[in-house]
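What follows is a single structure, written as structure tokens, with notes after it.
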Amino acid sequence: MTETRFEPSQADGRWQRAWTDARSFEADSGSTKPKIYVLEMFPYPSGRIHIGHVRNYTMGDVLARYKRMTGHEVLHPMGWDAFGMPAENAAIEKGVHPGAWTYDNIANMKAQLQRLGFALDWSRELATCDPAYYGHEQALFIDLYQAGLVYRKESAVNWDPVDQTVLANEQVIDGRGWRSNALVEKRKLNQWFLKITDFAQDLLDGLGTLDGWPEKVRLMQENWIGKSQGLQFSFNLTNGETLDVYTTRPDTIFGASFVAVAPDHPLAQAIAANNCEAARFIEQCRAGGTTAAELETAEKLGFDTCIAAVHPLDPQRRLPVYIANFVLMDYGTGAIMAVPGHDQRDFDFATKYDLPIIRVVASSADAADAPLTEAEAGDGVLVNSAILNGMSVADAKAAVIGRAESEGWGEGKTVWRLRDWGVSRQRYWGTPIPFIHCDACGVVPVPKDQLPVVLPEDVDMSVPGNPLVRHPTWKHTQCPSCSAEATRETDTLDTFINSSWYFLRFASQPTDKPFDTAEIAQWMPVAQYIGGIEHAILHLLYARFWTRALAHIGALEVKEPFASLFTQGMVTHETYEQKNPDNGQPVYFTPDEVSRSGEGAVRIADGSAITIGPVVKMSKSKKNVVDPDAIVDRFGADAVRWFMLSDSPPERDLPWSAAGIEGCARFVQRLWRLFAQYDAAATGEDKSLARKMHQTIAAVAGDVEALSFNKAVARIYELTSAVDKAAASADRSAAIRAILLLIAPMMPHLAEEAWERIGGEGLIADAAWPAVDPALLVDDEVTIAVQVKGKLRDTLTVAKGLPSAELEALALASEKVQRAIDGAEVRKVIVVPDRLVNIVA
RNA sequence: GCGGGCGUGGCGGAAUGGUAGACGCCGGAGACUUAAAAUCUUCUGAGUUAUGCUCGUGCGGGUUCGAGUCCCGCCGCCCGCACCA
């Protein structure tokens, strides 16, 4: 090792080729080693990878490489979530075919990923837009149809009358199409649905078994599934009709002081038909915002219908019926009994419209008349509730439901927020839904031997509307049952279906079927799944459902696809801006355009002052981005990888900084110089360095297993400094070799290069993780804190395991301690062996 | 509004109820050099009458021999959301 600098520009490519040539990272399903599946969420091929991908994939890579070193057969694949709207947008804007655009992007991004040296099994690469992938998806979809998990029903979509297309919610801006600016209409279409609600309870129960998932994600899914148990019952109205309401608090029924229906409720609509004031009110409700935060802070508003409802347990009582802006049509029956005393929204409404607020739950029977200044949702005993008085909330719930059922005016009911999954998309760039519409036979699945139903290549994206509908020949076919003229389904599948089983196809990819059940069992479930929190609900819930659905039809033996989930933080960067003198709007500059010095920054082009803005998520609009290729060119893959792992805990945001990456590049060189000092022939002991080495190996292993990469990095720095300071010895050489192995998963190119030079056998990628001698994990000397009344006054270095009495004597003998005691009487001495002595005087 | 999370030096962050600030970045001083870069050494929470002492983990209480850590009440920031009856 004579070169004084490590040259990533030469080493990176050389070792990447060596790994490819040796097929180092191709997973063997037949291996007898313990198997482990490490997976990061596959990217959408947008064109360029961004630094967030680099962070995500670096984390997975370190774990995958580490697991290989600890004797596992590792499956660590990569592919492309390649269907979706951006390709169609590009096609419309640039006149390229969505497929051509997508495959170009894949080629670029693959090259970018390969430059980072990720230990990926590229032999299993897949793209969801490949008929070899989506054909199997069509087969699975038909299987689920035959199992009764797929059905069609009418459902509303956002229709853009100018672009003749259905819009996603995000494409509707202030009620208008994002591209056409036309007013969006609600249109009812016959669409395909998956029965995810059949699995609601199972999906909920499964969350309890996912110990390896963040509590936050489990909670988000639980709320999304939204199970509630309550009473659905019917009010008799004074106009002769009845009104169904749902409540989760039947116990508070005697506290009901009004009834409210959603603006979209049929009753409200009927009233509005001959009452323009009501119609105006409903219109006003629709004009308001629809997000939770907007509605929560919006004032509670109502319209008195002048209809009254008869209280089912107190027929003399009449409750006014309101149309209210805070009642949702989509949940329950779209109508509620309102209990102001025990629901804050009802309380706010009652206060505004001067309706009675009745306490029916109190801390004790004596507190029945305690005034309510806000709604009280807590537990207690029933008061002011006739037959229910004195009961607990739980008993009263059961009593009311029992009575409603026996008297026939209501029934206990479980209501779910979760709704069936609408999977129809009226778009070209997606998986064709493999069904045929026949006038005589109805909806008929495409026979499996005719799969895949392939998208036509010759489409014109410049004309509005779905090209599959207007293609001259594609949709025309024969009915598989009766051979009559028939048409293909022109809807394509939601891309969330593509990502609901790609991990299965990675694990097993026969040509004649979606996957091999036995081979899947070798790898599934995914041991560690890593991705962004933005997928906490939809992707992860759909994948859990799809896996269950396949298990339900016997195609799989696992129900939960991802045993452990990790959601990493974003990569952030400060912003650089100037005010536009004309309109005062900020103008952003990229880090390349700005020279940062000390406190301030200037624009390189003209030397003008730049305002340094907040550190926020990297985004194109704020121009606070760094290009992975550019930084790999400049610093090498290993420095970039090291930066991704350093400092910030992986679940938190990582602030990118030029100084930070430069520091990492310096550390790469420092290690290079250290490795050059490796001397296999060195002799002599360095017991304390040997201890430090074994402790570090054990700690780094634990940190990597826990994905606490920032801690592992800190420990490697510590050991490096200790080795730097140590004199030559056999132990020092061993420690240098250990550092090399510890950094191998993190800085694999540097590690290979140095491994070769010190005469390591084979590739370090195939080397074993260094062994730990348990005897050397503990020190024989410990430093004891000596406190007086809880304040540190001295420290003592003593032999480990010194008895308490001796520790106490040593502590009391300390001059500093005596000065702190200052002659006071020692009342108590707390001794924690090998830790501290606390003298209470 | 509800749910969840987080508040520790100039910055990112360490810390099984037991020596707060590990490790890194920034910054200061010095060595090497004709010089610079690189590298190395060293200092770096605040205050102070400096071998010491006092204060210090968002704020106010509490439990404890001992609290960044546990409990109660606030404040602020971030994320999620579906007024879910």
Side-chain angles (χ1 to χ4, degrees), chain A residues 4-5 214-220 222-224 226-228 230-231 245-250 252 260 262 290-298 300 324-328 330-339 342-346 348-349 415-417 533-534 536-537 569-570 572 598-599 615 642-643 646-649 651-655 657-664 666-667 669-670 673 708 710-718 720-721 724-725 783-796 816 819-820 827-832 834-841:
Chain A
T4 52
R5 279 189 63 79
E215 189 56 38
K216 169 168 69 166
V217 175
R218 289 196 279 174
L219 197 72
M220 283 163 79
E222 186 180 324
N223 291 339
W224 188 264
K227 181 180 186 177
S228 72
L231 171 70
V245 301
Y246 175 74
T247 178
T248 54
R249 292 295 304 274
T252 62
T290 52
T291 71
E294 284 170 321
L295 287 165
E296 284 284 1
T297 44
K300 307 283 180 282
N325 65 347
F326 68 96
V327 181
L328 294 179
D330 292 339
Y331 191 81
T333 62
I336 62 166
M337 72 167 199
V339 184
H342 305 282
D343 182 294
Q344 190 59 43
R345 292 155 300 167
D346 301 347
D348 295 344
F349 190 92
V415 167
W416 303 84
R417 198 204 81 105
I533 187 70
E534 66 273 21
I537 297 176
M570 299 179 299
T572 58
E599 323 260 285
V615 178
W642 188 250
F643 184 84
S646 302
D647 293 352
S648 288
E651 69 279 8
R652 284 205 220 165
D653 289 350
L654 171 67
S657 75
I661 182 67
E662 282 158 16
C664 291
R666 278 199 299 274
F667 185 62
Q669 299 302 336
R670 182 179 165 199
R673 291 190 299 272
S708 297
N710 58 321
K711 294 185 207 169
V713 162
R715 294 186 208 279
I716 290 170
Y717 276 122
E718 275 187 73
T720 303
S721 292
D724 260 339
K725 291 190 177 75
T783 304
I784 303 282
V786 183
Q787 299 175 336
V788 177
K789 289 195 284 190
K791 278 191 202 297
L792 182 73
R793 295 298 173 184
D794 199 2
T795 58
L796 302 169
K816 290 173 183 169
R819 200 162 54 215
R827 288 180 297 169
K828 192 175 178 184
V829 179
I830 288 113
V831 181
V832 182
D834 296 337
R835 275 281 186 189
L836 63 64
V837 179
N838 187 12
I839 295 158
V840 186

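Owing to the predicted nature of the structure, the values given are computational and were not obtained by experimental measurement. The chains referred to below are lettered A, B, ... by the order of the sequence lines, with proteins before strands, and numbering in each begins at 1.
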Under-3.5 Å N/O pairs linking protein and nucleotides 11-14 of chain B:
{"residue": "B:G12", "atom": "O2'", "partner": "A:Ser648", "partner atom": "OG", "Å": "2.8"}
{"residue": "B:G12", "atom": "N2", "partner": "A:Asp647", "partner atom": "OD1", "Å": "3.0"}
{"residue": "B:A14", "atom": "OP1", "partner": "A:Asn710", "partner atom": "ND2", "Å": "3.4"}

Once you round it to whole Å, what is the distance between [atom2] of [N] and [atom1] of [X]?
| X | N | atom1 | atom2 | value |
| --- | --- | --- | --- | --- |
| A:Ile661 | B:C26 | CD1 | P | 13 Å |
| A:Arg218 | B:G3 | CZ | C1' | 16 Å |
| A:Phe326 | B:C81 | CZ | P | 23 Å |
| A:Glu662 | B:A37 | CD | P | 14 Å |
| A:Ile716 | B:C23 | CD1 | C1' | 11 Å |
| A:His342 | B:C84 | NE2 | P | 17 Å |
| A:Arg249 | B:C84 | CZ | P | 13 Å |
| A:Tyr331 | B:C2 | OH | P | 19 Å |

First locate atom [atom1] of [X], then atom [atom2] of [Y], and finally report the distance between them rounded to the nearest 0.5 Å.
| X | Y | atom1 | atom2 | result |
| --- | --- | --- | --- | --- |
| A:Trp416 | A:Tyr331 | CH2 | OH | 10.0 Å |
| A:Lys789 | A:Ile839 | NZ | CD1 | 12.0 Å |
| A:Leu796 | A:Lys816 | CG | NZ | 9.5 Å |
| A:Glu651 | A:Ile533 | CD | CD1 | 11.0 Å |
| A:Arg5 | A:Arg673 | CZ | CZ | 8.5 Å |
| A:Ile784 | A:Asp794 | CD1 | CG | 11.5 Å |

_Syn/anti state of B:A50 by chi, 90° boundary around 0_ = syn
*asked:* Quick check on B:G9: syn or anti? Syn means the glycosidic torsion is within 90 degrees of zero.
replied: syn
[N] to [M] separation - [atom1] atoms, rounded to the nearest Å:
| N | M | atom1 | result |
| --- | --- | --- | --- |
| B:C23 | B:C72 | C1' | 36 Å |
| B:U54 | B:U64 | C1' | 23 Å |
| B:G21 | B:G76 | P | 32 Å |
| B:G58 | B:U49 | C1' | 32 Å |
| B:G30 | B:G24 | P | 23 Å |
| B:G10 | B:A46 | C1' | 13 Å |

_Applying a 3.5 angstrom cut-off to the pairing atoms, does RNA chain B sit in any stems of at least three consecutive Watson-Crick or G-U pairs? List them by first number._
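Stem list for RNA chain B: B:1-7 with B:75-81, B:10-12 with B:23-25, B:27-31 with B:39-43, B:45-48 with B:52-55, B:58-62 with B:70-74.
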What pairs with [X] under salt bridge (Lys or Arg N to Asp or Glu O under 4.0 Å), at least two apart in sequence or on another chain?
| X | value |
| --- | --- |
| A:Arg670 | A:Asp724 |
| A:Arg835 | none |
| A:Asp834 | A:Lys800 |
| A:Asp653 | none |

*Take A:Arg835 and A:Thr795, find for each the nucleotide of RNA chain B with the closest heavy atom, and name the residue whose nucleotide sits nearer the 5' end.*
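Looking at RNA chain B, the more 5' nearest nucleotide goes with A:Arg835.
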Looking at every strand, decide which applies to [X] at a 4.0 Å heavy-atom threshold: base, sugar-phosphate, or nothing.
| X | value |
| --- | --- |
| A:Arg666 | sugar-phosphate |
| A:Val786 | nothing |
| A:Thr783 | base |
| A:Tyr717 | sugar-phosphate |

With sequence neighbours excluded, what pairs up with [X] under the side-chain contact (heavy atoms from CB on, under 4.5 Å) test?
| X | result |
| --- | --- |
| A:Ala338 | A:Phe258, A:Ile336, A:Asp346 |
| A:Arg666 | A:Glu662 |
| A:Lys791 | A:Arg793 |

Under 3.5 Å, N/O pairs linking protein and nucleotides 65-70 of chain B:
{"residue": "B:C65", "atom": "O2'", "partner": "A:Asn838", "partner atom": "ND2", "Å": "3.3"}
{"residue": "B:C65", "atom": "O2", "partner": "A:Asn838", "partner atom": "ND2", "Å": "2.5"}

*With sequence neighbours excluded, tell me which residues meet ring pair (Phe, Tyr, Trp, His ring centres under 6.0 Å) with A:Phe667.*
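Counting only residues at least two positions away or on another chain, A:Phe667 forms a ring pair (Phe, Tyr, Trp, His ring centres under 6.0 Å) with A:Trp642, A:Tyr717.
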*The side chain of A:Ala714 lies closest to which of these nucleotides: B:C84, B:C23, B:G18?*
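That would be B:C23.
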*asked:* Can you tell whether the side chains of A:Glu215 and A:Arg218 come within less than 4.0 Å, N to carboxylate O?
replied: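 Salt bridge between A:Glu215 and A:Arg218, a charged N being under 4.0 Å from a carboxylate O: yes.
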_Does the protein touch nucleotides 40-57 of chain B at the base, only the backbone, or not at all? Give it as B, S and - per nucleotide, heavy atoms under 4.0 Å._
S------------SSS--
